[in-house]
Amino acid sequence: MLSKSSLLYQPVINLCEEAGFKPHVSFVSDRISSIIQMVKNKQGIAILMHPSTRNDNVVFKKIPIILLPSMTFGHF
């Protein structure tokens, strides 16, 4: 998952906890390519914003997000 300093980390943790579980985050990085490589090596899953990287060995699935009043997501 992206590092704790990213805008994605805490909202994802909050959504998981609201869904009734606490994720076991074993790897964080500021480099999306490193995260995708770990998934490619079957070392886990990743939750990313809109990935701009395409890879034949990794499947990207869209997860619908229900925004809460206290959450804001933005994109460029």
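Nearest heavy-atom pair across S29 and I35 is O-CD1, 3.8 Å.
Scored by the side-chain hydrogen bond (donor to acceptor under 3.5 Å, both in side chains) test, Q10 finds N14 as partners (sequence neighbours excluded). Residues passing the side chain to side chain contact (heavy atoms under 4.5 Å, CB included) test with I45: none are found, sequence neighbours excluded. Taking S3 as the reference, S5, D30 meet the side-chain hydrogen bond (donor to acceptor under 3.5 Å, both in side chains) condition, with sequence neighbours excluded. Evaluation of the side-chain hydrogen bond (donor to acceptor under 3.5 Å, both in side chains) rule for S26 yields no partner, not counting sequence neighbours.
Residues F60 and I36 form a side-chain contact, since some pair of their non-hydrogen atoms from C-beta on lies under 4.5 Å apart.
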Do V25 and I13 pass the side-chain contact (heavy atoms from CB on, under 4.5 Å) test, and can you show the C-alpha distance, the side-chain angles, and the key distance before you say yes or no?
-> CA-CA 9 Å; V25 179; I13 298 297; 4.1 Å; yes
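To the nearest 0.5 Å, atom CG of residue L15 and atom CZ of residue F21 are 9.0 Å apart.
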